[in-house]
**Q** 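The structure follows.
Below, chains carry the letters A, B, ... as their sequence lines are ordered, and counting in each starts from 1.
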Protein chains: 2
Amino acid sequence: MGSDNTKEKIVQAAQLVFIRKGMDGARMQEIADEAGINKALLHYYFHSKQQLFNEVFYGVLSRLIPSLLEIFKLEEPFSDKIEAVVREYDSFMSKNPFLPQFIINEINRDPEQLSRFMSDQGLNFSKIEERINGEVSAGNIRSITFPHLFANLIGMVVMPYIGRPLFQRKLFNNDSAKYDQFLQERRAVITRFIQQAILTK
Amino acid sequence: MGSDNTKEKIVQAAQLVFIRKGMDGARMQEIADEAGINKALLHYYFHSKQQLFNEVFYGVLSRLIPSLLEIFKLEEPFSDKIEAVVREYDSFMSKNPFLPQFIINEINRDPEQLSRFMSDQGLNFSKIEERINGEVSAGNIRSITFPHLFANLIGMVVMPYIGRPLFQRKLFNNDSAKYDQFLQERRAVITRFIQQAILTK
DNA sequence: AACAATATTAACCATTTAGTTAAACCAAAT
DNA sequence: ATTTGGTTTAACTAAATGGTTAATATTGTT
């Protein structure tokens, strides 16, 4: 084959450009340049911009979901589960730092499709919701509903990635290394924060 | 005057379309339609898309910042301050539910300009950072650095707005009224969550 | 080597889109 | 009523952009 990795190079380039510019702002030409190839070759591998976007986006997403599903199944003590969820979520984010912004855009662009995709992948929250409610009834955690807990968790994990260009400037004098360290610390900080907030000791 | 409110109608329409589609996805024609006017009239009031976007975006933003500055000045007990910040931030969000998405986009599109604007408006965090550190030293709150606390707070407040199209579907059967109620509850929930997490009682 | 299949390119096309222009409209002032 | 100012419109333009085509190159197969 001419090159098996051309397709991969395109996907890499597309990730870069899509996250930098968003689906609409991204230009096929820019993706081609970034990948070091001709624009027509893009359409050889992915016949439309929409298809390229979908393959990139849902490709990455489908790698996140299984690991989350796995965690929700575990039957550890609840305090450990908090740690596991934060760890898994955050570790994925640090490997795919562009993903949150990606998802946010897609949430607004085509929420229906995204929602359907998640359902198709078997991701639904009713089990976890029951578990949380159970823990509350049992008095193991302070009274909180699942949606609130979920929004809190996701918000805390995701915000530093979404807001990085601004936060790094405003809070760390645009020092990239310091920000990386900040991101590393967050896993422990968030876990402790949630535990202190909801665990009845 | 032909109409003093034409400009206002345009701004309203632009907010709507920009948030729905983002700066790049938005079409001047769509904004014109939404405002019930001719496309040329847009360029009569705002000579370019970029200018329209900036006026809309920074217009809204400049209304948020002063109220936040005000709060940071207050010298109440810390627990009340938490409540005040959450209240002010959240109340602004509920009046401008499109703002978070707006800011997120801008953070990626032109972080430098955004950062400069915030500085120009007198928004800087060193004072608050000192205050937080002081409270930690004094033993009033558990050990946490300002950036972490800040990211936690913003994340929790903002996430339900950013994620609404998805969250509403997945967590509330796409019931809009229920989601509105959820948003209303969050102010109290977040305040309590933070207090329990960091206040040494 | 010859052939076939896949990969890659340069040039081109059709459409969309931000922005312009020149004319019409309308309200108030003279 | 006419002039004058801002306002609004329909029609137009130039540039950008996603996508196509047809020809060329490369690789694998017999």
**Q** Give a yes or no on whether a salt bridge exists between B:R27 and B:E34, defined as a side-chain N under 4.0 angstrom from a carboxylate O.
**A** no
**Q** Round to the nearest Å and state the distance from A:L41 atom CG to D:dA22 atom C1'.
**A** 16 Å
**Q** Set out, in order, the CA-CA distance, both residues' side-chain angles and the distance that settles ring-ring contact (aromatic ring centres under 6.0 Å, His included) for B:F53 and B:F102, then state yes or no.
**A** CA-CA 10 Å; B:F53 180 85; B:F102 233 161; 5.5 Å; yes
**Q** Inspect the contact between B:R109 and B:E106 and indicate whether a charged nitrogen and a carboxylate oxygen are less than 4.0 angstrom apart.
**A** yes
**Q** For a side-chain contact (heavy atoms from CB on, under 4.5 Å) check, start with the C-alpha distance between B:L42 and B:K49, then their side-chain angles and the critical distance, and finish with the verdict.
**A** CA-CA 9 Å; B:L42 275 179; B:K49 184 182 182 180; over 6 Å; no
**Q** Take the protein atom NZ of B:K7 and the nucleotide atom C1' of D:dG6, then report the distance between them rounded to whole Å.
**A** 13 Å
**Q** Could you state the atom-to-atom distance from CD1 of A:I10 to P of C:dA7 in whole Å?
**A** 11 Å
**Q** For each nucleotide in nucleotides 13-24 of chain C, reading 5' to 3', give B when a protein heavy atom comes within less than 4.0 Å of its base, S when such contact involves only the sugar-phosphate, and - otherwise.
**A** ----SBBBB---
**Q** Would a 4.5 Å heavy-atom cut-off, applied to side chains only, mark A:Q101 and A:Y161 as touching?
**A** no
**Q** In whole angstrom, give the distance that lies between atom CD1 of A:I37 and atom P of D:dT24.
**A** 21 Å
**Q** If I take atom CG in residue A:N5 and atom C1' in nucleotide C:dT8, what distance separates them, rounded to the nearest angstrom?
**A** 14 Å
**Q** Starting at atom CG of A:L42, determine the distance to atom C1' of C:dA10, rounded to an integer number of angstrom.
**A** 15 Å
**Q** Mind checking whether B:F125 and A:F167 have ring centres under 6.0 Å apart?
**A** no
**Q** Between D:dT7 and B:Y44, is there an OP1 or OP2 to side-chain N/O distance shorter than 4.0 Å?
**A** yes
**Q** Expressed in angstrom and rounded to an integer, what is the separation of A:Y45 atom OH from D:dG19 atom P?
**A** 18 Å
